[in-house]
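See structure below.
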Amino acid sequence: MSMRVFTLLMLLISIPVAATATELQEATFKNGVKLIVEEDHSAPVAMVQVWLKVGGRDEVPGKTGLAHVFEHMMFKGSKKLAAGEYSKRIAAMGGNDNAFTTTDYTAYFETVPAARVNEVLGMESERFANLALRDKDFQKEIRVIMEERRMRTDDDPNSHMFEELSAVSLRLHPYRNPVIGWMQDLRKLTIQDVRAFYKKHYVPGNATVVVVGDVDFDQVKKTVAATFGRIKARPVGTRFNPVEPEPYGPKRVVVKLPAQLPMLAVTIPVPVWQPGKNDKSVAALAVATQILSGGRSARLQRELVDEQRRAFSAGAGYDPFGMGLDLWYVYGMLGPKQTTAAFEKSLWALLGDMATHPVAAAPLAAAKRNMIASEVFAQDSLYLRAKEIGRMEVSGIGAEHRDDWLKAISNVTAADVQAAVARWLKRDRSTTGILVPEVKS
């Protein structure tokens with residue numbers, strides 16, 4: 001058992017523990033590439049992830065979706081790799097690969113035999129530095145992306161409503177734009193836009209290589225030095241991270257779409273975690289969200305769905321690991337005889353109760369225990385461990401703080417939860433979205 005897992009288990013059973021090392025080994029190369037390795041010799045497998053400090057927030061108006069375009073184009077060949085060859089070689093060695101894009105970052109990842117890590121890093125650096133970016137490939141992939149948008153958003157009334165709600169909720173922050181891009185922008189993107197974005201953002205100073213598994217740090221360091229470390233350094237631009245103005249009052253948006261049933265959702269801009277600055281309030285907000293939405297016994301499910309019958313499904317969410325802010329959200333999926341007005345009334349009554357009365361000891365302890373348990377169980381996955389390291393690093397939190405978050409969770413009190421809800425989850429700070437099923441004549 002690693003010291004980190006031992007520490008997490010001690011947190012889980014509420015035994016005080018002394019601070020321990022993060023067990024991470026790091027190196028930064030002259031061109032700006034950063035390497036983070038966590039050795040785990042329990043099985044001859046390794047997870048390789050390459051993280052880029054580029055996502056939807058780095059796009060300019062009129063050209064949304066470009067960051068996501070690279071999730072497709074990175075698999076279309078480079079100077080030394082034919083289109084599709086990368087994934088074929090990964091599969092041939094018994095591995096698998098994929099990628100994802102968010103507002104804050106883009107990541108490419110592979111699970112491979114540990115003995116093949118050097119080969120994988122060589123291929124990753126090759127396509128990072130020498131992507132082909134052929135117009136014929138782009139024209140094909142942009143059609144695929146537009147169809148992906150149609151299926152996931154345009155033809156899904158709930159997703160479409162959330163997209164409209166996010167756009168109305170924020171005035172400046174780039175989280176108001178969908179990662180996949182607005183359809184009108186996708187139609188106008190060109191290969192010249194793609195090449196300019198690649199030249200600007202796919203620079204060594206924006207790259208973090210994360211390797212977790214049965215590897216030797218010194219050997220991986222040598223390999224990264226000989227691959228990513230040899231890519232020519234280029235300027236790294238300042239990322240767009242505006243301060244969102246405080247809401248002046250509640251907002252509402254009504255979205256009429258072909259749908260079977262209505263839905264109501266509320267978003268509220270809330271702070272994200274800044275280690276050492278707002279640990280208590282942000283951890284308390286995360287625990288409050290768990291109390292509201294963490295499982296069948298959570299308050300939204302138990303009170304609004306099971307007892308009051310205001311909705312047939314309800315949930316809430318919060319990501320404290322973003323940049324600048326997060327849009328905290330809560331929603332209710334309504335049945336044929338349920339009304340948005342009744343659900344909304346009960347929702348604000350519930351939040352008001354949490355803001356004026358301390359949460360009981362049992363649900364508080366259960367929420368904290370479940371959050372810490374999820375982290376403990378995640379240690380069994382090389383993918384999740386590497387993902388935790390990567391996202392905390394590229395979002396500006398710092399991977400070295402990963403255990404500090406769970407310590408902050410373990411220290412949350414009932415008074416902290418009450419204060420966080422009262423401070424942040426207020427009607428005057430909210431935007432409410434209502435999906436109205438459109439009746440076509």
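Along the sequence shown, the residues carry numbers beginning at 1.
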task: Taking atom CD of Q260 as the centre, report whether more than 12 heavy atoms of other residues, nucleotides or ligands fall under 6.0 Å from it.
output: no
message: Is it the case that the side chain of R302 and the backbone of S297 share a donor-acceptor pair, with hydrogens and angles ignored and the cut-off at 3.5 Å?
response: yes
query: Got more than 12 heavy atoms from elsewhere within 6.0 Å of NZ, K280?
result: no
message: Would the distance check show the side chain of R149 and the main-chain N or O of I180 forming a donor-acceptor pair, the cut-off being under 3.5 Å?
response: no
field: Y202 and F70 aromatic centres sub-6.0 Å
entry: yes
message: With no hydrogens and no angle check, just 3.5 Å: does a side-chain donor-acceptor pair link D306 and Q301?
response: yes
query: Quick one: does S281's side chain get under 4.5 Å of D416's, heavy atoms only?
result: no
query: Can you tell me if Y383 uses its side chain to pair, donor with acceptor, with the backbone of T111 under 3.5 Å?
result: no
field: Exceeds 12 heavy-atom contacts within 6.0 angstrom, atom CE of M151
entry: no
- prompt: When you look at V210 and M47, which way does the side chain to side chain contact (heavy atoms under 4.5 Å, CB included) test go after all the steps?
  reply: CA-CA 8 Å; V210 178; M47 167 61 63; over 6 Å; no
- prompt: For H357, does the NE2 atom have more than 12 heavy-atom neighbours from other residues, nucleotides or ligands under 6.0 Å away?
  reply: no
Exam field: side chain K256 to backbone E438, donor-acceptor pair closer than 3.5 Å: no
- request: Please assess Q418 against V359 for the test side chain to side chain contact (heavy atoms under 4.5 Å, CB included), listing each intermediate value before the final yes or no.
  value: CA-CA 7 Å; Q418 181 181 344; V359 61; over 6 Å; no
query: Looking only at side chains, do T103 and R57 share a donor and an acceptor under 3.5 Å apart?
result: no
message: For the CZ atom on R152, are there more than 12 heavy atoms of other groups (residues, nucleotides or ligands in this structure) within a distance under 6.0 Å?
response: no
- request: Establish, yes or no, whether a centroid distance under 6.0 Å links the rings of Y175 and W328.
  value: no
query: With a 3.5 Å cut-off and no angle check, do the side chains of S87 and D97 form a donor-acceptor pair?
result: yes
message: Would E388 and R385 count as a salt bridge (Lys or Arg N to Asp or Glu O under 4.0 Å) here? Give the steps.
response: CA-CA 5 Å; E388 178 187 48; R385 285 159 64 184; over 6 Å; no
message: Applying salt bridge (Lys or Arg N to Asp or Glu O under 4.0 Å) to D193 and K63, what does each step give before you reach the verdict?
response: CA-CA 8 Å; D193 295 325; K63 298 188 185 299; 3.0 Å; yes
- prompt: ring-ring contact (aromatic ring centres under 6.0 Å, His included) with W51: which of F100, F128, F109, F228?
  reply: F100
message: Can a donor-acceptor pair be found, under 3.5 Å and without considering hydrogens, that links the side chain of D353 to the backbone of A349?
response: no
message: Go through it in stages, so that I can follow the logic: the residues are E246 and R429, the test is salt bridge (Lys or Arg N to Asp or Glu O under 4.0 Å), and I'd like the CA-CA distance, side-chain angles, deciding distance and then a yes or no.
response: CA-CA 8 Å; E246 183 67 12; R429 306 188 69 256; 2.6 Å; yes
query: Is a side-chain donor-acceptor pair under 3.5 Å present for E393 with T208?
result: no
- request: Apply side-chain hydrogen bond (donor to acceptor under 3.5 Å, both in side chains) to E59 and list each qualifying residue two or more places apart in sequence or on a separate chain.
  value: none
- prompt: Within 45 degrees of the axis of the six-membered ring of Y86 and under 6.0 Å from its centre: does R127 put its NZ or CZ there?
  reply: yes
- prompt: Do we see a donor-acceptor contact under 3.5 Å between the side chains of T153 and S159?
  reply: no
Stacked cation flag R402 on F321, 6.0 angstrom / 45 deg: no
